[in-house]
Amino acid sequence: MKKAIALGNIIFLYLAALLPVLLFTAGKNKVLTFVWEHLFFNNVFVPLGFILLVGIVLYFMNIGFFLMTKNGGWNSQELAKMNMIVKLIQIPAYLFIFVVGLLCGMMIFTIGISFVLLVLDIFSIGMTGIFASCAFYTLKQEQKISGNMQVLYSLASFLFCVDIIIAVVGYRISISENKH
């Protein structure tokens, strides 16, 4: 289950990154033109709606996974490692979305695209923040971190860029404590 949710969290962000690619290259590439015309009916709201639907389902799955984590079954090292992997794999998509969002934000006609990408980014970091909270919960349960550190790390997992550092720190804590 954790791998499916981790993979879903990764795929969601890459779907969001694919949206501007579809918008800006649909007339220039035969495959993308076909997808844009026949699957999405030349309407940006169709792929956006699909991405949001996937995101909502994944949000509920992440919340369910957090509740399942409270019942045990996973150790902190495997959850911290999976959290770190998810965060690291998402870096290229976040960078792409950031650059496209900046470029679109510079032009008045495409500022809406920047706003949509920002909303999708926030949606994504929320999902992965919940997923990360599972790892920090298990670290606390295994008495590898204090309750205050659990709260601090969990909250930091919802902040752009900081979440990556915290994911690496969480994994390092999980493996260093196992060696003692």
Side-chain angles (χ1 to χ4, degrees), residues 1-26 29-69 73-74 77-104 112-138 154 156-168 170-171:
M1 172 115 178
K2 78 174 184 298
K3 288 182 181 178
I5 293 171
L7 185 61
N9 289 343
I10 293 167
I11 289 172
F12 174 81
L13 190 61
Y14 278 92
L15 284 174
L18 186 61
L19 188 61
V21 173
L22 282 171
L23 282 172
F24 296 128
T25 62
N29 180 299
K30 288 182 181 181
V31 174
L32 293 177
T33 301
F34 178 83
V35 168
W36 187 251
E37 290 175 357
H38 298 289
L39 255 48
F40 301 139
F41 311 109
N42 290 321
N43 187 341
V44 71
F45 295 108
V46 175
L48 183 59
F50 173 74
I51 292 169
L52 288 174
L53 180 64
V54 168
I56 290 167
V57 169
L58 283 167
Y59 239 99
F60 283 116
M61 289 176 68
N62 277 285
I63 292 168
F65 183 67
F66 182 78
L67 296 174
M68 288 172 50
T69 303
W74 293 283
Q77 187 173 355
E78 63 184 329
L79 288 178
K81 180 179 180 181
M82 190 63 64
N83 176 48
M84 181 181 68
I85 290 169
V86 167
K87 299 285 188 177
L88 292 174
I89 290 174
Q90 286 183 328
I91 291 172
Y94 274 121
L95 289 175
F96 177 76
I97 289 171
F98 179 73
V99 169
V100 170
L102 276 178
L103 293 174
C104 289
I113 295 170
S114 295
F115 178 74
V116 168
L117 292 175
L118 176 65
V119 169
L120 292 173
D121 272 357
I122 292 169
F123 210 77
S124 178
I125 197 143
M127 287 187 297
T128 57
I130 295 168
F131 189 77
S133 295
C134 297
F136 297 117
Y137 177 81
T138 56
S154 293
S157 295
F158 290 91
L159 301 174
F160 289 111
C161 299
V162 175
D163 64 327
I164 297 165
I165 297 165
I166 293 300
V168 173
Y171 179 66

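Side chains included, hydrogens not; waters and symmetry mates left out as well; all remaining heavy atoms used. For this chain, numbers begin at 1 and follow the sequence in order.
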Under the salt bridge (Lys or Arg N to Asp or Glu O under 4.0 Å) rule, collect the residues that match up with E78, sequence neighbours excluded. K2

How far apart are the closest heavy atoms of C134 and L79, and which atoms are they? O-CD1, 3.8 Å

Rounded to the nearest 0.5 Å, how far does OG1 of T69 lie from CE of M1? 9.0 Å

Return all side-chain donor-acceptor pairs below 3.5 angstrom for residues 156-166, not counting sequence neighbours, or 'none' if the list is empty.
residue: S157; atom: OG; partner: Y153; partner atom: O; Å: 2.9
residue: D163; atom: OD1; partner: C161; partner atom: N; Å: 3.1
residue: D163; atom: OD2; partner: K87; partner atom: NZ; Å: 3.0

Counting only pairs under 3.5 Å, give me each side-chain donor-acceptor contact of residues 4-26, with atom names and distances, residues two or more places apart or in other chains.
residue: N9; atom: OD1; partner: N62; partner atom: ND2; Å: 2.9
residue: N9; atom: ND2; partner: N62; partner atom: OD1; Å: 3.2
residue: Y14; atom: OH; partner: I89; partner atom: O; Å: 2.8
residue: T25; atom: OG1; partner: V21; partner atom: O; Å: 2.4

For D121, check salt bridge (Lys or Arg N to Asp or Glu O under 4.0 Å) against everything at least two apart and list the hits. none

Rounded distance [0.5 Å steps], CZ in F131 versus CG in N83: 6.5 Å

Return the CD1 to CE distance between I63 and M127, rounded to the nearest 0.5 Å. 11.0 Å

Looking at every heavy atom in both G101 and S114, which two are closest together, and how far apart are they? O-OG, 2.5 Å

Which pairs of donor and acceptor atoms, one on a side chain in residues 36-55, lie under 3.5 Å apart (sequence neighbours left out)?
residue: W36; atom: NE1; partner: N42; partner atom: OD1; Å: 3.4
residue: N43; atom: OD1; partner: F45; partner atom: N; Å: 2.9

Gap separating the OH atom of Y171 from the CE atom of M82, nearest 0.5 angstrom: 11.0 Å

Set of residues satisfying side chain to side chain donor-acceptor pair (under 3.5 Å) with respect to Y94, sequence neighbours excluded: S124

